[in-house]
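I have placed the structure first, in the form of structure tokens, so that the comments after it can refer back to it.
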Protein chains: 2
Amino acid sequence: MTSPGHPKADPATDPVGFAAHDHGRCVAAGIAAAEERCADKGLQFTPVRRKALEILLQEHRALGAYEVLDRLRDAGFGSQPPVAYRALDFLVANGFAHKIERLNAFIACAHPGTSHSPAFMICRLCDSVAEAHATPTRGALGQAARDAGFRIERTVVEAEGVCPSCAEKADA
Amino acid sequence: MTSPGHPKADPATDPVGFAAHDHGRCVAAGIAAAEERCADKGLQFTPVRRKALEILLQEHRALGAYEVLDRLRDAGFGSQPPVAYRALDFLVANGFAHKIERLNAFIACAHPGTSHSPAFMICRLCDSVAEAHATPTRGALGQAARDAGFRIERTVVEAEGVCPSCAEKADA
DNA sequence: CTTGTCATGTTATCTTATATCATGTATCGG
DNA sequence: CCGATACATGATATAAGATAACATGACAAG
């Protein structure tokens, strides 16, 4: 899942997406995790939902709902927007995928199973997205919320910039 | 600008929006700051742009582009989407307003003039939005970015939850 | 078997955003 | 003063993202 030989590879915290890695495993692991969790929680991991997750897992970048819809249609599923949005809503609601608000697009969760506040690094050059963990209540925001009496329920943390591989290309 | 008598009111860091305050000042201060900065930097603070900022400053919540457009039209400006988007783009590009990605909507900057990475607290009950300061490079995200070799250029930090005044109402 | 629940399919529509071309206006060097 | 340039605005059309509402099907509980 993480780059082989990476000095501090840790499946729970290592940002996936910028480094070379066994991508087949990403897909298999993602599907397996979802299957298990759905079985546990009595959720229906139906064909559309499974396919939608597979589609997202194919890449480490965010896909728009209509991009997902196109691929669902190609795979023989319905072709109207709600088909995609419903599948994506299910995946997001159950922690198998996340919505990248900055891009109005969706990406498979890189750390499925673990409950977490995700944080994303979005490369503006190649559109790849890596997921890390945020600690929203610890930083300046958490302090501001406590001071103001604001109860945080969910956080969106997205950094836009340049990924290592694009930075390298740009330097060359 | 901040609530009179607030124990730790500090114009540079105090989140505005949830507490009672002299709202007329918000508007006046926002316009004044924009005027000054535009003069300094040779930017044209044209009537549409001024009006758009005024519209945003009217409330401590985020307005959709089309909501802004409606009010611009009411004020005698053009009524086509690009009118609003261009004005909003200008305001955002120059730090007079921010886009709330979670809401696809815009809000006047609460700390104009200061260069900052904004963080927002969005009340899901009353839609009010308060702006605080984020310290993106300091927390877990900054660490992850350094580890991954990702160069952060801009961050989106938005917390969704319940503001103090709505929490109070809910308790009652 | 019928009732309720959940998933899917389908139509229509709404909201958000941008590309493009045309027009106006201020500034500046010649 | 004139023409070139840059920037701002106006207007048309369309793309992209999202949801409301209604109909159908599958299945388990009563």
Side-chain angles (χ1 to χ4, degrees), chain A residues 34-35 38-39 41-53 55-56 61-94 96-107 122 124 127 156 158, chain B residues 34-35 38-39 41-53 55-56 61-94 96-107 122 124 127 156 158:
Chain A
E35 242 163 15
C38 285
K41 310 218 300 181
L43 301 168
Q44 301 184 42
F45 196 45
T46 63
V48 223
R49 291 168 177 179
R50 182 193 195 93
K51 187 66 196 178
L53 180 54
I55 289 166
L56 293 182
R61 67 183 183 95
L63 298 179
Y66 279 69
E67 222 169 330
V68 172
L69 179 57
D70 283 347
R71 303 193 191 184
L72 286 175
R73 181 181 32 237
D74 291 349
F77 296 95
S79 64
Q80 299 306 315
V83 170
Y85 280 102
R86 286 199 281 235
L88 291 167
D89 285 350
F90 171 87
L91 296 176
V92 168
N94 294 287
F96 306 136
H98 301 290
K99 180 170 189 185
I100 307 294
E101 301 289 348
R102 184 74 224 290
L103 305 175
N104 294 319
F106 300 83
I107 191 165
I122 306 166
R124 68 171 160 80
D127 287 325
V156 172
E158 298 170 0
Chain B
E35 242 164 13
C38 284
K41 310 218 304 181
L43 300 168
Q44 302 184 42
F45 196 44
T46 63
V48 223
R49 291 167 178 181
R50 182 192 196 92
K51 187 67 194 176
L53 179 55
I55 290 166
L56 293 182
R61 68 183 182 94
L63 297 180
Y66 282 71
E67 221 170 330
V68 172
L69 178 58
D70 284 348
R71 303 194 192 184
L72 285 175
R73 181 184 30 238
D74 292 350
F77 296 94
S79 63
Q80 299 307 313
V83 170
Y85 281 102
R86 286 197 282 235
L88 290 167
D89 284 351
F90 171 87
L91 296 176
V92 169
N94 294 288
F96 306 136
H98 301 290
K99 180 170 188 184
I100 307 294
E101 299 291 348
R102 184 73 224 289
L103 304 175
N104 294 319
F106 301 82
I107 192 164
I122 306 166
R124 68 171 160 80
D127 288 325
V156 173
E158 298 171 1

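In this text the structure is predicted, and so the values were computed from the model without any measurement.
To the nearest 0.5 angstrom, B:Ile107 atom CD1 is 8.0 Å from B:Leu63 atom CG. In this structure, A:Ile55 CD1 and A:Phe106 CZ are separated by 13.0 Å, a value rounded to the nearest 0.5 Å.
At whole-Å resolution of the value, CZ in A:Arg73 and C1' in C:dT8 are 16 Å apart. We find that CG of B:Leu43 is positioned 11 Å from P of D:dC7, with the value rounded to whole Å. Atom CG in A:Leu72 sits about 13 Å away from atom P in C:dT10, given to the nearest Å. Distance CZ (B:Arg50) to P (D:dT9): 14 Å, rounded to an integer number of Å. Distance CD1 (A:Ile100) to P (D:dG17): 14 Å, rounded to an integer number of Å. For the pair A:Tyr85 OH and C:dT13 P, the interatomic distance rounds to 18 Å; values are reported in whole Å. Look at CD on B:Gln80: it is 17 Å from P on C:dA22, rounded to the nearest Å. What separates CD of A:Glu101 from C1' of D:dG17 is a distance of 12 Å, to the nearest Å.
Each of B:Asp89 and A:Phe90 was assigned the nucleotide of DNA chain C with the nearest heavy atom; the assignment lying further toward the 5' end belongs to A:Phe90. For B:Gly78 and A:Glu67, each mapped to the nucleotide of DNA chain D holding its nearest heavy atom, the one lying further toward the 5' end belongs to B:Gly78.
Residue B:Gln44 places at least one side-chain N or O closer than 4.0 Å to OP1 or OP2 of D:dA8. Between A:Asn104 and D:dA18, a side-chain N or O to OP1/OP2 separation shorter than 4.0 Å is present. The side chain of A:Arg86 contributes no N or O atom lying less than 4.0 Å from OP1 or OP2 of C:dT8. At the phosphate of C:dT16, neither OP1 nor OP2 sits under 4.0 Å from any side-chain N or O atom of B:Tyr66. Look at B:Thr46 and you'll find a side-chain N or O under 4.0 angstrom from OP1 or OP2 of D:dT9.
Under the 4.0 Å criterion applied to side-chain N and carboxylate O atoms, B:Asp89 and B:Arg86 are not assigned as salt-bridge partners.
Which of C:dA7, C:dA12, D:dA11 sits closest to the side chain of A:Pro81 comes down to C:dA12. Which of C:dA17, D:dA11, C:dG9 sits closest to the side chain of A:Val83 comes down to C:dG9. Side chain of B:Lys99, nearest nucleotide from D:dA11, C:dA7, C:dA17: C:dA17.
The aromatic rings of B:Tyr85 and B:Tyr66 stand perpendicular to each other, their planes meeting at an angle above 60°, with 30° marking the opposite boundary.
Counting only heavy atoms from C-beta outward, the side chains of A:Glu101 and B:Val156 never approach each other to under 4.5 Å.
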